[in-house]
Amino acid sequence: MSDKEWYDLDAYLDRIGWKGERRADPATLRGVHLAHSLALPFENLDPVAGTAPSLAPGDLMAKMVRGRRGGYCYEHNTLLRLALEALGFRVTPLAGRVVLGAEGPPGSRPRTHAMLRVEMADEPWPYLADVGFGAVGGLLLPVPLVAGPEYEGAGRRHRLVPLPHEGPLELWELQARDRRTGRWAGQYAFTQEPFTAGDFEVFNWFVATHPRSPFTRRPYLQRTLPDGRHVSLDGALLTETLADGTVTERVLTEETEARQVVEERFGVAVPAGMALLD
């Protein structure tokens with residue numbers, strides 16, 4: 001039995017709460033993308049526990065669709081890719097360099113983030129889709145792969161900016177507008193070079209097991225709520241960003257409280273025997 005035979009589109013759409021049409025068109029793409037973004041949290045508990053998460057369709061279904069778990073970019077965007085392909089979209093996996101919080105030029109970090117290029121009939125341009133960027137500046141709705149225009153999506157604003165570089169392919173940077181300052185901040189840079197499942201297996205293993213990877217050091221969870229609030233847990237620091245950009249923070253000090261926050265605020269079942277706080 002092939003990997004895709006382990007994939008259940010009905011179960012996935014039920015998990016994210018999508019009741020709309022099942023057509024390969026922009027409305028369906030936007031609807032499924034937003035539903036996924038609001039239903040499935042970002043989390044890295046497997047790498048913190050010392051395990052590289054499986055990207056096999058059956059394992060993703062068991063963990064993220066039938067289990068009370070989330071995942072990080074490779075898991076989220078693999079799950080979305082399988083759904084979009086089953087709905088009739090043409091999907092090309094891409095890889096980018098995270099520039100958010102980085103010092104130096106866009107090429108100073110390796111390509112460790114996964115995203116998707118989505119094409120459909122009768123559309124003049126492809127779309128950038130990404131439900132796995134664990135930050136408040138991540139996409140909630142896909143955006144056309146066109147440089148210049150600003151796009152509003154579920155309360156967030158984004159744009160794609162071409163960057164100068166020495167490579168043969170055009171380099172794009174996804175930027176998000178900060179709701180407090182009004183400034184644009186780069187999220188990640190990428191070209192439209194296609195990547196394979198084998199490439200992401202290598203990236204996934206490195207990010208989940210390398211001792212200097214930030215994802216192996218402490219829990220990191222993100223969730224966006226339907227009312228526009230965004231909550232994150234970085235180690236013991238719990239941050240909530242309201243729809244107007246107001247930010248509140250507090251530090252969790254007790255393991256019992258941390259487990260309750262992860263279970264209730266993020267909807268993630270903490271693996272048995274795992275300690276969230278050092």
- Message: For K19 and D14: C-alpha separation, side-chain torsions, deciding distance, then whether salt bridge (Lys or Arg N to Asp or Glu O under 4.0 Å) applies.
- Response: CA-CA 8 Å; K19 306 298 183 183; D14 184 64; 3.5 Å; yes
Answer yes when [X] and [Y] have at least one side-chain N-carboxylate O distance shorter than 4.0 Å, and no when they do not.
X: R179; Y: D244; result: no
X: R250; Y: E240; result: no
X: R259; Y: E257; result: no
X: R157; Y: E150; result: yes
X: E85; Y: R90; result: no
X: D199; Y: R111; result: no

Flag side-chain contact, heavy atom, 4.5 Å: [X] against [Y]:
X: V251; Y: L238; value: no
X: H33; Y: V118; value: no
X: R117; Y: L128; value: no
X: C73; Y: M115; value: no
X: V99; Y: R109; value: no
X: L169; Y: Q192; value: no
X: L34; Y: L38; value: yes
X: T239; Y: V247; value: yes

- Intermediate values then yes/no, side chain to side chain contact (heavy atoms under 4.5 Å, CB included), L80 and V32: CA-CA 9 Å; L80 179 63; V32 170; 4.0 Å; yes
Is there a chain of hydrophobic side chains (I, L, V, M, F, W, Y, each step under 4.5 Å between heavy atoms) that links [X] to [Y]?
X: L140; Y: L160; result: no
X: F215; Y: F133; result: no
X: V91; Y: L29; result: yes
X: L141; Y: Y188; result: no
X: W18; Y: L60; result: yes

Parallel, tilted or perpendicular: which fits the ring planes of [X] and [Y], with parallel below 30° and perpendicular above 60°?
X: Y220; Y: F42; answer: perpendicular
X: Y72; Y: Y74; answer: perpendicular
X: F203; Y: F200; answer: perpendicular

- Message: Let's go through V270 and E263 carefully: what are the C-alpha distance in whole Å and the side-chain angles of both, what is the deciding distance for side chain to side chain contact (heavy atoms under 4.5 Å, CB included) to 0.1 Å, and is it a yes or a no?
- Response: CA-CA 7 Å; V270 180; E263 294 268 357; 4.2 Å; yes
Which atom names give the shortest non-hydrogen contact between [X] and [Y], and what distance separates them?
X: K63; Y: G70; value: CE-O, 3.2 Å
X: P144; Y: W125; value: CB-NE1, 3.1 Å
X: R81; Y: P93; value: CD-CG, 3.9 Å
X: R69; Y: P271; value: NH1-CG, 3.8 Å
X: S54; Y: D59; value: OG-OD2, 2.6 Å
X: A135; Y: L100; value: CB-CD2, 3.9 Å

Give a yes or no on whether the backbone of [Y] and the side-chain of [X] come within a donor-acceptor separation of less than 3.5 Å.
X: E43; Y: L45; value: yes
X: D178; Y: T181; value: yes
X: E152; Y: G155; value: yes
X: E255; Y: L276; value: yes
X: N44; Y: P47; value: no
X: T51; Y: P53; value: no
X: S213; Y: H210; value: no
X: D46; Y: A52; value: no
X: T216; Y: V48; value: no

Can you measure from [atom1] ([X]) to [atom2] ([Y]) and round to the nearest 0.5 angstrom?
X: L94; Y: L145; atom1: CG; atom2: CG; value: 7.5 Å
X: L116; Y: T78; atom1: CG; atom2: OG1; value: 8.0 Å
X: F266; Y: L233; atom1: CZ; atom2: CG; value: 5.0 Å
X: S37; Y: R156; atom1: OG; atom2: CZ; value: 8.0 Å
X: L225; Y: H230; atom1: CG; atom2: NE2; value: 9.0 Å
X: W184; Y: R159; atom1: CH2; atom2: CZ; value: 5.5 Å

- Query: What do you reckon, are the aromatic ring centroids of H36 and Y12 less than 6.0 Å apart?
  - Reply: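 Between H36 and Y12, the centre distance is under 6.0 Å.
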- Message: Is the distance from the ring center of H158 to that of Y151 below 6.0 Å?
- Response: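 No.
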- Item | Criterion side chain to side chain contact (heavy atoms under 4.5 Å, CB included) on T241 and T246, from CA distance to verdict | CA-CA 6 Å; T241 304; T246 302; over 6 Å; no
- Evaluate the criterion side chain to side chain contact (heavy atoms under 4.5 Å, CB included) for residue pair V98 and Q187; output intermediate values, then yes/no. CA-CA 6 Å; V98 176; Q187 306 298 299; over 6 Å; no
- Task: Apply the test side-chain hydrogen bond (donor to acceptor under 3.5 Å, both in side chains) to residues H113 and D130: give CA-CA distance (whole Å), side-chain angles for both, the deciding distance (0.1 Å), then the verdict.
- Result: CA-CA 10 Å; H113 180 60; D130 181 7; 2.7 Å; yes
